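Model, not experiment: these values are computed from the prediction. In what follows, residues are counted from 1 in the order of the sequence shown. Heavy atoms only: backbone and side chains are in, while hydrogens, waters and symmetry mates are out.
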Amino acid sequence: MKKILLTIISLISYGKVAAQADCSTPANVLINSTTTAPAFTDETGTAPTVFCGLNNNNQVPTKGKWYRYSALQNNTVIISTLLAQNNNADTRVIVYTGTCGSLVCVGSNDDYNGTYSSYLSFAVTAGTNYTIVFDNRYSQSAFDFTLSLAPPPAPDRLSFTSTPVSGITGTYNNCIVDMNGDYKDDIVSAISTTQFAISYQQNAGAFNTTTFTVPNTTVLPSWSIAGGDYDNNGYNDLVYGSGSGITILKSNNDGSAYSVFRKPQNYLTQRTNFVDINNDGDLDLFVCDDNSPNRYYYNDGSGNIGEQTQGGLGVFATGGNYASNWFDYDNDGDVDMHMSKCGQGGSAVGGNINEMYRNNGDGTYTNVAAAANLADPEQCWSSAVGDFNNDGWMDIIVGVNSTSNGNTNVKRNNGDGTFTSVTAGSGYDIINATGREYVAQDFDNDGFLDVLGSGNNIMFGDGNFRFTPNPNTYALSAVDRPIGDLNNDGFLDIQNGNSVMFNNGNSNKWIKINLQGVQSNRNGIGARVEIYGSWGRQIRYVQSGTGFQNMSTITAHFGLGPETQITQIIIKWPSGVIDAINNTTANQNLLIVEGSSPLGNETFASSGVSIYPVPTKDVLNISTSDSITMKNAQIYDLNGKLVVKSEITNGQINVNSLTSGTYIILLNDTNDKGYSQKFIKE
């Protein structure tokens, strides 16, 4: 794993720092900080007289806010007021070195990139003091500004080799998923309404292609495709999404033939997903509708997707629904859904407002986008979702296929049900590229998620919401580029039309995890996979249908950097079962069957926490050290099944409803650290 420099991992600070009166006594600011600069009417600071190229147009500023940054290392630093909370406040900034009597211009900025904000990137030298001043040339208002490290230099460690694959055929080459149950990624090609092909992965990037003849599908996956085993027979099925509805291709019990189930509805489909919407253990089908409320089809448990329902999950009357992404955004144990909206294709005004649907735990969902700061007005065809800073909370990069309502927006999950835009300084703030497909994966296996998206390029993440485009150029299809490990070497490849862009890799380590559900759906779609090691934690959600059009692998893939050991793997299944696998080595493919490694007493640290009385009849008391504050608890039986989920009230949990037996209690503190102990219920 890459080691983060001290200046990067410093605690992020946020506070009001009173700017001093003049250049000689500026307020100190730190790297990775957000500072609230008070209104000029509240300050008496003197105005700058050296303007470093800024034009005053005969209206000289009368006040200034003065700050100082002392560089500890040679680096590139960004100062920015391009923040959502500033509401495009009119600011301008100047940066100097030297003494107050002899200031030397470093740089200045006003009206960055068509906004009224200030944004300046400048190189710094260790041991040098930098004087920063904002003036009141245009506004007297208060504002926030950030000081952060610029994204690292562009990586040169990753390249791809384009290799034609003769078996890939057809026009809609946009599905990578295991189709024969060997847990290797295969490639599905739709050829016509009566034929499709599967290129089965063999060894070292070779494929063996079989063409299947099917009854007339009527439609082709002109807009999207998704795969999942909705009848739990061990072989994945497909759904085609088109401009006139959907068709399901259902595998028989040995993967040798497929039947066709054509839904009679005629509507403009966008993203399709297999997902267990009502968490009954069977995969349902969700379909984004561009012209009407979304559509979803419940699985009756016998492999029949027959019930069709409109409304509920995306009720905007005229649609604009482009891509649904299913994951647990609030870490409450059930799957939620983020909807990327475009607002074109017949949608009325407001159809481009993105939505965030919270799972209420009872089969219903509530749109909480406004409260979560996710009601973004974007021309968005898809968004990349992942834990980009490895803090255990899923973040969102809101992609754009048009900049008419703004550029790509990077949203950090605050862990309290809200998100904050951290686009400034992320690298996405200085590119204007667009794209349909935004998908998060770790292409260079450094342990930090990257994004295939804007400009048909990879933006490499550094674990601190800074992204840098791949300098090795390659020609990718704008839409036809599903992702998977197509030569089983642990590095993710990209299908590109009739070719595969094979990832040439590097020395970093990896692990791939495939799931087989028992109580949950066979694919484990909706499961949360966590890995722990010397680097901390990484998480992935198993999903069918990310991005806008393609189907990428459902294997949970993790890069490990140079690390060779994984301390623990935790699988949180949709059923509530938790499996824990300890002390695993890198560079291997794992298959984990639900319930095969149930949660044990050794799973989490118990230091500093005690529970009593044991045995207990009605109530468990929780005692902690002064440095630990508990937030909530989950109780599991010895099969790993979740039986109680509760907030902690006055240091107690009521267990009266439990039957007699032995249980495991998992406590979570306010820093999301877990503590686990066994207890006996009388």
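Counting heavy atoms from C-beta outward, N294 and V287 have side chains that stay 4.5 Å or more apart. At least one side-chain heavy atom of D237 sits less than 4.5 Å from a side-chain heavy atom of D231. You'll find the side chain of N331 reaches within 4.5 Å of the side chain of R528, heavy atoms only. Between L452 and F443 the shortest side-chain heavy-atom distance falls below 4.5 Å. Side chains of Y235 and Y258 form no contact here, defined as non-hydrogen atoms less than 4.5 Å apart. By the 4.5 Å heavy-atom criterion applied to side chains, D493 and Q495 are not counted as neighbours. Contact annotation: the side chain of E378 never approaches that of N352 to less than 4.5 Å [non-hydrogen atoms, C-beta and beyond]. Here the side chains of I277 and L313 are in contact, with some heavy-atom distance below 4.5 Å.
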| message | Is there a side-chain hydrogen bond (donor to acceptor under 3.5 Å, both in side chains) between S242 and S222? Walk through the geometry before answering. | response | CA-CA 5 Å; S242 77; S222 54; 4.9 Å; no
| message | As a quick check of understanding, evaluate salt bridge (Lys or Arg N to Asp or Glu O under 4.0 Å) for D391 and R412, giving each step before the final call. | response | CA-CA 10 Å; D391 67 347; R412 182 190 67 220; over 6 Å; no
| task | Mind running side-chain hydrogen bond (donor to acceptor under 3.5 Å, both in side chains) on S224 and T272 for me, showing each step along the way? | result | CA-CA 6 Å; S224 70; T272 49; 3.0 Å; yes
| Which is it for T247 and V260 under the side-chain contact (heavy atoms from CB on, under 4.5 Å) test, yes or no, and what are the steps along the way? | CA-CA 7 Å; T247 288; V260 170; 3.6 Å; yes
| task | Dump the intermediate steps for side-chain contact (heavy atoms from CB on, under 4.5 Å) on L285 and I246, then the final yes or no. | result | CA-CA 10 Å; L285 176 60; I246 63 170; 3.4 Å; yes
| said: Show, in sequence, the C-alpha distance, side-chain angles and deciding distance for N354 and C380, and conclude whether the side-chain contact (heavy atoms from CB on, under 4.5 Å) test is met. | reply: CA-CA 8 Å; N354 294 334; C380 182; 4.0 Å; yes
| said: Could you go through H338 and S383, starting from their C-alpha distance and side-chain angles, then the distance that decides it, and tell me whether this counts as side-chain contact (heavy atoms from CB on, under 4.5 Å)? | reply: CA-CA 9 Å; H338 179 265; S383 299; 3.7 Å; yes
| task | Go through the steps to decide whether S256 and D254 satisfy the test side-chain hydrogen bond (donor to acceptor under 3.5 Å, both in side chains), and finish with yes or no. | result | CA-CA 6 Å; S256 62; D254 63 5; 2.5 Å; yes
| message | For a ring pair (Phe, Tyr, Trp, His ring centres under 6.0 Å) check, start with the C-alpha distance between Y428 and F467, then their side-chain angles and the critical distance, and finish with the verdict. | response | CA-CA 7 Å; Y428 277 102; F467 299 87; 5.5 Å; yes
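A distance of 8.0 Å separates CD1 in I225 from CG in L249, rounded to the nearest 0.5 Å. We find the CG-OH distance between N304 and Y297 to be 15.0 Å, quoted to the nearest 0.5 Å. Note that OG1 of T555 is 3.5 Å distant from CG of N514, once rounded to the nearest 0.5 Å. Atom NZ of K572 sits about 9.0 Å away from atom CD1 of I539, to the nearest 0.5 Å. The line from OG of S251 to CE of M179 is 6.5 Å long, rounded to the nearest 0.5 Å. With rounding to the nearest 0.5 angstrom, the CG atom of N236 is 9.0 Å from the CG atom of L283.
Listed here is the closest heavy atom pair of I198 and F196: CG1-CE1, 3.7 Å. Shortest non-hydrogen contact noted between W381 and A323 is O-CB, 3.2 Å. What you find for S544 and N273 is that their closest heavy atoms are O-ND2, 3.2 Å. Nearest heavy atoms, N321 versus Q270: O-CG, 3.3 Å. Nearest approach of F548 to S382, heavy atoms of both residues: N-CB, 3.6 Å. Contact between T269 and G241 at its shortest, heavy atoms only, is CG2-CA, 3.6 Å.
Under the 3.5 Å distance criterion, the side-chain polar atoms of K411 are matched with a main-chain donor or acceptor of N373. A donor-acceptor contact shorter than 3.5 Å links the side chain of Q201 to the backbone of D485. Put simply, the side chain of N291 never gets that close to the backbone of L268: no donor and acceptor are under 3.5 Å apart. A distance-only check finds a donor-acceptor pair linking the side chain of T217 to the backbone of T193 [under 3.5 Å]. At least one donor-acceptor pair closer than 3.5 Å links the side chain of E437 to the backbone N or O of Q549. For D489 (side chain) and N487 (main-chain N/O), no donor-acceptor pair under 3.5 Å exists by modelled atom type. N325 places no side-chain N or O within 3.5 Å of a backbone atom of M337 that could act as its donor or acceptor partner. A donor-acceptor pair is defined here as one N or O able to donate and one able to accept, closer than 3.5 Å; such a pair exists between the side chain of N359 and the backbone of V335. Using modelled atom types, one side-chain atom of S520 and one backbone atom of S575 make a donor-acceptor pair closer than 3.5 Å. A distance-only check finds a donor-acceptor pair linking the side chain of D178 to the backbone of N180 [under 3.5 Å].
Here the rule is side chain to side chain contact (heavy atoms under 4.5 Å, CB included) with D395, and of T420, D387, V422 only D387 fits it. Put simply, the residue from T403, N405, T434 that forms a side chain to side chain donor-acceptor pair (under 3.5 Å) with Q379 is N405. Partner of N360 under the side chain to side chain donor-acceptor pair (under 3.5 Å) criterion, out of T366, D332, D336: T366 alone. Results of the side chain to side chain donor-acceptor pair (under 3.5 Å) test with N589 over K184, K512, H557 single out K512 as the only residue that passes. Put simply, the residue from D284, D290, D289 that forms a salt bridge (Lys or Arg N to Asp or Glu O under 4.0 Å) with R295 is D289. For the side chain to side chain contact (heavy atoms under 4.5 Å, CB included) criterion with F207, the lone passing option out of I168, L486, D186 is L486.
Figure legend: cation-pi geometry between R358 and Y329 absent, as NZ or CZ is not positioned both under 6.0 Å from the six-membered ring centre and within 45° of its axis.
The aromatic ring centres of F160 and F502 sit 6.0 Å or more apart. Close placement of the F286 and W326 rings is indicated, their centers lying within 6.0 Å of each other.
Side chains of S552 and N550: no donor on one and acceptor on the other come within 3.5 Å. Looking only at atom types and distance, the side chain of T194 has no donor-acceptor partner in the side chain of N216 under 3.5 Å away. No donor-acceptor contact under 3.5 angstrom links the side chains of T163 and S499, judged on distance only. Looking only at atom types and distance, the side chain of Y357 has a donor-acceptor partner in the side chain of E355 under 3.5 Å away. Side chains of T423 and N409: a donor on one and an acceptor on the other come within 3.5 Å.
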